[in-house]
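Because the structure is a prediction, the values reported are computed rather than measured. Side chains are part of it too, since the values below use all heavy atoms of this structure and drop only hydrogens, waters and symmetry mates. Numbers restart at 1 for each chain; the letters A, B, ... are given by sequence-line order, proteins then strands.
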Amino acid sequence: MQLSEQEIIRRNKLEELRQLGIDPYPAPSVPVSHFSVDILNHFTEEKKDQFASLSLAGRIMSLNDKGKVIFVKLQDSKGLIQLYVRRDDICPGEDKTFFDRVVKHLLDLGDIIAVSGFVFTTKTGETTVHVQSLTLLNKSLKPLPVVKRDEEGHVFDAVTDPEFRYRQRYADLIINPEVKETFVKRTRMINAMRDFLNAHGALEVETPVLQSIPGGAAARPFVTHHNALDIPLYLRIANELYLKRLIVGGFDWVYEFSRDFRNEGMDRTHNPEFTILEFYVAYKDYFWMMETTEKLLEKTAWEVNGATQVTMGDRVIDFKAPFKRVSIFDAIRDHTGIDISQMDEAGLRQVCRQLHLEVDDTMGKGKLIDTIFGETCEPHYIQPTFITDYPVEMSPLTKKHRSRPGLVERFELMANGKEIANAYSELNDPVEQQQRFEEQMKLMERGDHEAMYIDHDFLRALQYGMPPTAGIGFGIDRIAMLMTNSPSIQDVLFFPQMRPEKIQGADLERELETAGVRKELIPLIQKLGVQSMAQLKEMKPTKLFNDLAGMRKKMKLEILNATVEEIEGWLK
RNA sequence: GAUCUCGUAGCUCAGCCGGUAGAGCAUUACACUUUUAAUGUAAGGGUCCUGGGUUCGAAUCCCAGCGGGAUCACCA
């Protein structure tokens, strides 16, 4: 890696610290009696005695050198607190080296330290730790992007580059505290859901990620290969069929927070791997499931934000139960004025043309209806709304509607114009399930890549008998976006998928090393603009000698100059 | 996958019609024993994403590539 000026300076400081007998990476664990926020929230002048001796540890986020006094902002896992470091306190004797050299010059933003001392309030009224001893715990070699904030929390020169933020999430988390808050909320949200389910007697289970038949959803899977079995295996696109096998096996209510994988496009609402909460409940139907969904989401919103309303951009979305319910045909009629409830495939195709929607021959009735709904209705449902009673063609795993022919007992929950959950009364007639699978095979033959495979083992399970069951899948990432006011799925995933990064010059470094170049000289060669071994070999050893010596001087490096003989050795 | 757009110092960004590369913060040095976006003085720091082309001359114009973002397509 080519080092910047600031990085070289930090490495030199590292050396100086060692020469002063200070280990920049010490081993022992350190006592931590308080977190920053504990002090800020509870300290008062009256309670001074309780804060007379404490210790804390964290990362230096700002250094304000006032001469014989330095103010430090220390960031620990909970927040930021100011430290007051006075020369005569931490260097009571004659030798002031520790303050004058170590604290004043060898500490940098990003270093991790431990301190002990007592709490007081400064003239300007800020609760501050008066430091009596200070220990370096970790010297940071890479400068953090600098973010300055004023008292109201206004940010100056914020790091906004998404590539930096997503690729180096660790740095993003250090400098942008609200990012941390987002992920804490995400976990709180998942905990709230888990608590709700456990309180209702549900059992958390785990089912295979590697599946030989990718089932339970319409999506293109990732394929991998099992060497010992010599068979293809697929990363799961859903866990539905496995959870229903468990209902057959006699569990009443099972759930799983399932990481699923779909080999499709990526955008603001899609990541190749994402999390779905699916659960299945015996002896229930989709009406029961609607009520349960309302309760679950209302409680979750409350636990995360202390209110049933969440803010999403300039919208407010209210998860207060009950949610509106609209059948899919009514929804389409409301938004297009067209009643498609009695139409066949040809009629639907005609409607799509009329609405200028793109269709092709591989699309069956289900996909056509889905296209119409997705294009004309879906974006309009901002408040949580159940869209109910889908046509049978687009729901191969769903029980037929008890009273409406051609429909199934299914709902999707829309919020903020996006689907966030999908549920139905599960199809438990094994003969009909087989027929539905066969229809899917026909779609596949027409060229539909997302049509489902026949899962014979699942059919066998259904033949033993599955109680009437209601099932649902929640898009956890999308709900997390709503709960945290995040416009992009990448903001609620710690490490969103990205194209692998090319680390520049990594190959050259290796080549140079094999050619016998001393490690400390490699940055100099890179600094000269050399980009390949071939380019280096074209250079005259004497010129290289001169250039390297010049660069060494320019960068003020305390390293041994390369000799001409040495350089000739590399170029052979 | 398509279209549009962006890529300049560690960070945020400016750089006009092509003419020696700029600011603030950060860094380095000095001063300052309750500061707070601390301040004052001085200094250093650049593969202008990469590679080609046009030109006497390219950060700037053209082409290709790489990377990001947006929109669309795909995605119940």
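- Contact of A:Asp88 with B:U33 (side chain to base): a donor-acceptor pair of N or O atoms is detected under 3.5 Å.
- Proximity note for A:Gln82 (side chain, C-beta onward) versus B:U27, B:C75, B:U35: the nearest is B:U35.
- Residues passing the ring pair (Phe, Tyr, Trp, His ring centres under 6.0 Å) test with A:Phe458, sequence neighbours excluded: none.
- Classification of A:Lys68 and A:Asp88 as a salt-bridged pair fails, no side-chain N sitting under 4.0 Å from a carboxylate O.
- Look at A:His270 and you won't find any side-chain N or O under 4.0 angstrom from OP1 or OP2 of B:A73.
- Applying a 4.0 Å cut-off to non-hydrogen atoms, the residues of residues 413-423 of chain A that approach RNA chain B are A:Glu419, A:Asn422, listed by residue number.
- Taking the six-membered ring where the residue is Trp, the centroids of A:Tyr424 and A:Tyr390 are separated by 6.0 Å or more.
- Taking the centre of each ring, A:Phe118 and A:Phe51 stay at or above the 6.0 Å mark.
- The side chain of A:Arg101 lies closest to B:A29, out of B:U34, B:U28, B:A29.
- Under the rule for a salt bridge (charged side-chain N to carboxylate O under 4.0 Å, His left out), the partners of A:Glu45 that lie at least two apart in sequence or sit in another chain are A:Lys48.
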Between N or O atoms, less than 3.5 Å apart, protein on one side and nucleotides 8-14 of chain B on the other: list the pairs.
unit_1, atom_1, unit_2, atom_2, d
B:C11, O2', A:Asp157, O, 3.3

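- Here A:Asp172 pairs with A:Arg165, A:Arg169 under the salt bridge (charged side-chain N to carboxylate O under 4.0 Å, His left out) rule; sequence neighbours left out.
- Proximity note for A:Glu163 (side chain, C-beta onward) versus B:G68, B:U34, B:U33: the nearest is B:G68.
- Side chain to side chain, A:Arg410 and A:Asn422 meet the donor-acceptor criterion of an N or O pair below 3.5 Å.
- Each of B:C75, B:A76, B:U28 was ranked by its minimum atom distance to the side chain of A:Asp370; first place goes to B:A76.
- Rounded to a whole Å, the NZ atom of A:Lys73 is 12 Å from the C1' atom of B:U34.
- Using a 4.0 Å heavy-atom cutoff across all strands shown, A:Glu393 reaches no nucleic acid atom at all.
- Partners of A:Arg10 according to the salt bridge (charged side-chain N to carboxylate O under 4.0 Å, His left out) rule, which considers only residues two or more places apart in sequence or in another chain, are A:Asp108.
- Among pairs with a residue in residues 372-386 of chain A, none fulfils side-chain hydrogen bond (donor to acceptor under 3.5 Å, both in side chains), at least two apart in sequence or across chains.
- Salt-bridge check for A:Arg11 with A:Glu15: failed, with every basic side-chain N at 4.0 Å or more from each acidic carboxylate O.
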Would you tabulate the pairs of protein nitrogen or oxygen atoms and nucleotide nitrogen or oxygen atoms of nucleotides 1-7 of chain B closer than 3.5 angstrom?
none

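- The side chain of A:Arg167 lies closest to B:G67, out of B:U28, B:A26, B:G67.
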Tabulate protein N/O versus nucleotide N/O from nucleotides 21-23 of chain B, keeping only pairs under 3.5 Å, one per line.
none

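- To the nearest angstrom, P of B:A26 lies 10 Å from CG of A:Asn64.
- Of the candidates B:U34, B:G69, B:C30, the closest approach to any side-chain atom of A:Met498 belongs to B:G69.
- Using a cutoff of 4.0 Å between basic side-chain nitrogens and carboxylate oxygens, A:Lys365 and A:Glu439 are not scored as salt-bridged.
- Under the ring pair (Phe, Tyr, Trp, His ring centres under 6.0 Å) criterion, A:Phe329 pairs with no residue, sequence neighbours left out.
- Residue pairs meeting the salt bridge (charged side-chain N to carboxylate O under 4.0 Å, His left out) criterion with at least one partner in residues 262-273 of chain A, sequence neighbours excluded, are A:Arg259-A:Glu273.
- Residues meeting the side chain to side chain contact (heavy atoms under 4.5 Å, CB included) test with A:Ile213, sequence neighbours left out: A:Tyr453, A:Asp455.
- Relative to the side chain of A:Ile9, the nucleotides B:U34, B:G69, B:U28 differ in distance, and B:U28 lies closest.
- As rounded to whole Å, 10 Å separates atom P of B:A29 from atom CG of A:Asp65.
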